[in-house]
Amino acid sequence: MLPEILISNSWLLLQGVERTLELSIATVLFSSAIGLLAALLRTFGWWAFRVVVDFYVYVVRGVPLLLLLFFMYYGLPYSGIDLAPIPGGILVMSVYFGAFMSEVFRAAIEALPRAQWDAARSLGMRLPLILVIVVVPQAVRLSAPAFINTCILLIKSTSLVSIIGLSELTMVGRQIVERTFAPFQILLGVALIYFLICYSLSRLGRYAEKRTRYAH
Amino acid sequence: MPIDNATVAPMVAFRGVSKWFGKAQVLKDISLSVAPSEVVVVIGPSGSGKTTLLRCVNWLEEYETGEITVAGEMVGYRIAANGERVRRSEREIATARAKIGFVFQSFNLFPHMTVLRNVAVGPIRVNKMPREMAETVARDLIARVGLADKADAYPTSLSGGQQQRVAIARALAMQPKLMLFDEVTSALDPELVDEVLGVMQQLARDGMTMIVVTHEMQFARDVADRIIFMDQGAIVEEGDPAKLLANPHSERLRAFMRRHIHGWARNLPRDPMTVGKNS
């Protein structure tokens with residue numbers, strides 16, 4: 001069913017998938033941590049933190065990811081910082097998607113009814129405790145659809161990292177094309193792999209949303 | 001029970017309290033004293049400031065002038081060494097709130113926690129009560145409001161009346177010295193109102209100090225020691241429930257009663273046993 005050429009190169013492709021998944025998982029974790037922290041600082045922090053977070057979000061969102069990668073790859077070595085492609089790629093992508101994640105979480109935090117705050121306050125709870133036991137657990141659930149959406153964009157964006165010499169899925173695909181002169185079959189196969197990863201993530205997200213709905 | 005306000009130190013006292021939302025004055029020079037174990041019911045048209053009055057007692061709303069004390073402690077402010085009045089710290093405010101139970105119109109249970117966790121979380125996280133002890137206390141309270149079999153359910157699977165009873169249990173778990181009820185039956189289907197009022201009536205019998213904002217005139221008449229009628233941010237009339245409702249002095253209270261209590265025939269006794277029958 002699959003073209004012979006995909007089967008014979010499946011080992012290489014799998015290695016590309018592995019690298020893509022590594023990049024994606026690390027970036028999801030780091031960008032979520034950055035995003036949650038930024039969202040909390042933006043919403044509840046001291047005014048100077050708010051300014052810093054706003055600046056970060058607007059600047060990073062307004063610049064193409066590719067440009068940030070170039071900057072890291074070509075620009076940073078001039079200032080004596082030379083990051084290997086993998087940590088460098090993860091760093092740039094985490095900073096970039098952290099800005100999007102912070103908006104995802106901020107929207108969820110702000111969507112939480114004020115009444116929940118009233119209830120927590122009336123029990124004598126203070127801000128840090130309210131955040132930990134009332135706001136964040138609910139905001140994480142509320143943010144699920146937008147979070148999954150951002151993760152999907154993130155996974156597909158890892159293909160841009162091939163530009164700085166990381167042999168993730170897209171890079172591996174291009175290498176095979178150069179060797180085999182069968183761009184159509186190979187690129188279609190690569191696209192199918194991306195689709196399957198993202199589609200399973202959407203299904204997983206749906207399932208998780210259903211499972212964590214509040215009713216028993 | 002009749003209470004002689006002059007001889008008992010009040011649980012709650014308002015002295016000349018005013019509050020503004022922007023330019024609109026929502027509380028006008030409120031003075032009011034609630035004795036320990038007294039049940040005060042506040043009635044009045046929407047927008048009359050009843051809810052604001054209640055929320056000021058635990059600083060969910062801030063007031064600007066006058067003072068409110070709970071058990072002798074001023075709410076929201078303290079007097080500094082130089083005699084000036086300064087805002088209390090968040091810590092002090094939270095500590096004061098922990099001893100005042102508040103029940104909301106829209107229940108406001110935590111939807112991501114079971115009933116048991118909703119009731120136990122305050123004692124555990126705020127009062128630092130050991131988890132097992134807190135859960136024992138919580139189960140006991142949940143049983144007292146008639147929901148022993150729902151302890152492990154999530155709030156969304158409960159009816160409004162059940163949720164509101166859980167909310168009362170949650171407030172009681174903090175062992176408050178004062179309970180505030182803000183139109184707690186207004187969001188309920190009519191057939192669910194009595195089960196909540198029944199719990200409140202029992203609480204009143206047990207000697208809890210309560211300020212109750214409500215439209216339930218039958219409850220006011222049966223349970224209140226005193227009724228306060230508010231309109232346009234001011235207390236217009238107050239007094240003994242039976243007398244006040246039977247013989248309102250002000251035209252505003254008469255108008256309010258005509259509008260809100262058409263079903264409530266004056267002096268028509270309703271079987272008091274029907275209140276709280278389901279609880």
Side-chain angles (χ1 to χ4, degrees), chain A residues 32 36 39-41 43-50 104-148 205-216, chain B residues 51 54-55 57-61 89-115 117-128 150 152-158 163 166-167 170-176 178-180 182 187:
Chain A
S32 301
L36 189 58
L40 290 174
L41 286 176
T43 318
F44 307 109
W46 180 47
W47 69 268
F49 287 134
R50 299 180 189 203
V104 166
F105 293 130
R106 189 172 66 87
I109 288 168
E110 284 172 7
L112 195 68
R114 299 302 297 170
Q116 288 287 305
W117 284 87
D118 284 350
R121 287 202 185 100
S122 76
L123 292 172
M125 295 180 186
R126 289 193 292 142
L127 181 64
L129 184 60
I130 297 176
L131 291 183
V132 171
I133 71 171
V134 177
V135 175
V136 170
Q138 292 191 69
V140 165
R141 282 178 177 80
L142 283 171
S143 68
F147 176 78
I148 295 289
R206 280 281 160 79
Y207 175 74
E209 265 178 67
K210 272 201 191 122
R211 281 296 305 273
T212 57
R213 229 166 253 162
Y214 300 127
H216 248 355
Chain B
T51 290
L54 206 60
R55 288 170 66 89
V57 176
N58 72 349
W59 201 245
L60 284 178
E61 296 288 353
S89 68
E90 287 298 313
R91 180 188 297 272
E92 289 176 300
I93 288 167
T95 306
R97 278 184 187 139
K99 295 174 199 143
I100 302 172
F102 201 110
V103 186
F104 300 88
Q105 180 176 352
S106 52
F107 333 133
N108 303 0
L109 295 177
F110 304 125
H112 57 302
M113 298 180 190
T114 62
V115 165
R117 179 91 182 131
N118 261 285
V119 178
V121 71
I124 294 171
R125 302 307 292 262
V126 177
N127 292 350
K128 311 290 181 204
K150 299 288 187 186
D152 298 315
Y154 281 85
T156 42
S157 68
L158 305 182
Q163 289 191 51
V166 174
R170 176 175 69 175
L172 289 175
M174 298 297 289
Q175 296 171 314
L178 163 70
M179 287 284 284
L180 309 172
D182 184 16

For A:L127, is it the side chain, the backbone, both, or neither that has a heavy atom closer than 4.5 Å to a heavy atom of chain B? neither
Test item: side-chain donor near acceptor, B:T51 and B:D182, under 3.5 Å: yes
Does B:Q175 have more than 12 heavy atoms from other residues, nucleotides or ligands lying within 6.0 Å of its CD? no
Heavy-atom cut-off 4.5 Å, strictly under: side chain, backbone, both or neither for B:I100 against chain A? backbone
In terms of heavy-atom proximity below 4.5 Å to chain A, should B:F104 be classed as side chain, backbone, both, or neither? side chain
Please classify the contact of B:R91 with chain A as side chain, backbone, both or neither, using a heavy-atom distance under 4.5 Å. both
Keeping to residues at least two apart or across chains, list the ring pair (Phe, Tyr, Trp, His ring centres under 6.0 Å) pairs with something in residues 120-147 of chain A. none
Nearest 0.5 Å please: distance from the CG atom of B:D152 over to the CZ atom of B:R117. 13.0 Å
Please look at B:L158 and chain A and tell me whether the side chain, the backbone, both or neither of the residue comes under 4.5 angstrom of a heavy atom of that chain. neither
Contact leader toward chain A among B:F107, B:W59, B:F110, where contacts are heavy-atom pairs under 4.5 Å: B:F110
Answer yes or no: does atom CZ of A:R50 have more than 12 heavy-atom neighbours from other residues, nucleotides or ligands under 6.0 Å? yes
Which residue out of B:R125, B:M174, B:K99 racks up the most heavy-atom pairs below 4.5 Å with chain A? B:R125
Would one find more than 12 heavy atoms of other residues, nucleotides or ligands at under 6.0 Å from atom CZ of A:F49? no
